[in-house]
2 protein chains.
Amino acid sequence: MAYHHGDLRRAVLDAALDVIAADGPSAISLRGLARRAGVSHAAPAHHFKDKAGLLTAIAVEGNELLAGSLAEAIAEDRTKLIDLGVRYVRFALEHPGHFAVMYRPDLYHRDAPELVAARERTGRMLRGTVKALAGDHSAPLAQLAAWSTAHGFATLALAGNLDRAIGDQDPAELFRTLADVMFVGRGTIGP
Amino acid sequence: MAYHHGDLRRAVLDAALDVIAADGPSAISLRGLARRAGVSHAAPAHHFKDKAGLLTAIAVEGNELLAGSLAEAIAEDRTKLIDLGVRYVRFALEHPGHFAVMYRPDLYHRDAPELVAARERTGRMLRGTVKALAGDHSAPLAQLAAWSTAHGFATLALAGNLDRAIGDQDPAELFRTLADVMFVGRGTIGP
DNA sequence: CCGGCAATCTTGTCATTGACAAGATGTAGT
DNA sequence: ACTACATCTTGTCAATGACAAGATTGCCGG
């Protein structure tokens, strides 16, 4: 084994995401991740400072991935709010490790500058699209409604609370159906 | 200090709920709770077996409290789905410790019989009300929509993600406004 | 009244973990 | 080659969860 791992930072991140997706954020241990990567027990700390630092890095990466995906949808059509919701749900299902950390600020350093920046970038996507659809007076409420619905659906689906309702469908497409029924044809929110 | 605490079980539960509401479930330690209650470090284990057992007890109690509140709303008017949502949100804000644990099955014993029973009781409330409003064909989707929205709103509000949007309003009443805008006047869901 | 019995709590211990400090090893720039 | 730096190792400590064994208390049947 070489003294330098090559990319220990990424290896630890990937191992952590594996464990989190399988058993939740409380199941990770820096020492366990070190063993998985074949390095000494204190090596990860050099890249992430401490456990909260590792989870902060995951939250940052998650927000960047999500912002990127939302940006794609906006590039296609900046008026389709439902597409943003579908991508939000799809992101949660495809990156369960990231999603499981992102909205648990008690687990990481919520004031880290890079995190604040990534969060802000994600938030701008949603706000911009909502404002393009709703008047300025109803935009905040519409934003709340959209975010709450997508976030609630994703959260419940990830935790397995919707297994029976979802069956063998694609959850993200089921969410599209749901959002269509809720929003389409209403003056306040959707086209 | 008497050898018997009196009601150590409740004291530990209350202390745990305090800590969880303040710093999240990852901040609790059985030994810390024991110190808070003025007992030896191993006393709590006698009541809850282990840490997951303590969190299981909290999840059970939370589901029972929530089911009770929902039952009240149904007793008043079994057709007002929005009232259920408002109570769901209010429960989350008034019992943040319980709520923070209930939907994190990775933290507790998700198969404990008492927990399954309490969950089932809560679920019946929602299903019954939704079925009374929507036809059998659209009920599952309507239930998903209602639960997702309320759960997402409560989750985001608790994590502090909605602070700016909420301002100094009562979050639960804000949710009522939001739900009114979303649901009222639609054939599929609300009256 | 009392002997035992179960529930409750204490004390003692162990492996694991997170965090930190100090040192070793490789790498890049000059 | 020399130096500065990033990376990784080794060693250590306090805190924690879990377990085992024993002490204390209240209670119940006889």
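These figures come from a predicted structure and were not determined experimentally. Proteins get letters first, then strands, A, B, ... in listed order; numbering begins at 1 in each.
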For this session: Could you tell me which residues satisfy side-chain hydrogen bond (donor to acceptor under 3.5 Å, both in side chains) with R78(B), sequence neighbours excluded, listed by chain and number?
Result: none

Exercise. If you measure from OH on Y88(A) to CG on L66(A), what distance do you get to the nearest 0.5 Å?
Worked result: 6.5 Å

Can you list, pair by pair, the side-chain donor-acceptor contacts under 3.5 Å of residues 10-20 of chain A, counting residues two or more places apart and other chains?
| unit_1 | atom_1 | unit_2 | atom_2 | d |
| --- | --- | --- | --- | --- |
| R10(A) | NH1 | D14(A) | OD1 | 2.7 |
| R10(A) | NH2 | E61(A) | OE1 | 3.2 |
| R10(A) | NH2 | E61(A) | OE2 | 2.3 |
| D18(A) | OD2 | R36(A) | NH2 | 3.1 |

For this session: Could you list the residues that satisfy salt bridge (charged side-chain N to carboxylate O under 4.0 Å, His left out) with R87(A), not counting sequence neighbours?
Result: E72(A), E76(A)

For this session: Note the angle between the end axes of the helix from dC1(C)-dG30(D) to dT30(C)-dA1(D), five pairs defining each, rounded to 10 degrees.
Result: 10°

Seminar exercise, completed: Under a 4.0 Å heavy-atom criterion, the protein footprint on nucleotides 12-20 of chain C, written with B, S and -, is BB---BBBB

Problem set entry | Between dC8(D) (P) and F48(A) (CZ): distance, integer Å | 11 Å

For this session: Could you pull out all residues at least two apart from E114(A) that satisfy salt bridge (charged side-chain N to carboxylate O under 4.0 Å, His left out)?
Result: none

Exercise. Taking only residues two or more places apart in sequence or in another chain, which ones pass side-chain hydrogen bond (donor to acceptor under 3.5 Å, both in side chains) with D23(A)?
Worked result: none

Seminar exercise, completed: Quick note, ring pair (Phe, Tyr, Trp, His ring centres under 6.0 Å) partners involving residues 100-132 of chain B, not counting sequence neighbours, are F99(B)-Y103(B), Y103(B)-H151(B)

Problem set entry | Protein-nucleotide distance (D7(A), atom CG; dT7(D), atom C1'), rounded to Å | 12 Å

N/O donor-acceptor pairs under 3.5 Å from side chains in residues 116-125 of chain B, not counting sequence neighbours:
| unit_1 | atom_1 | unit_2 | atom_2 | d |
| --- | --- | --- | --- | --- |
| E120(B) | OE2 | R127(B) | NH2 | 2.8 |
| T122(B) | OG1 | N63(B) | O | 3.2 |
| T122(B) | OG1 | N63(B) | OD1 | 3.4 |
| T122(B) | OG1 | A118(B) | O | 3.1 |

Problem set entry | Whole-Å gap separating P (dC8(D)) and NE2 (H46(A)) | 8 Å

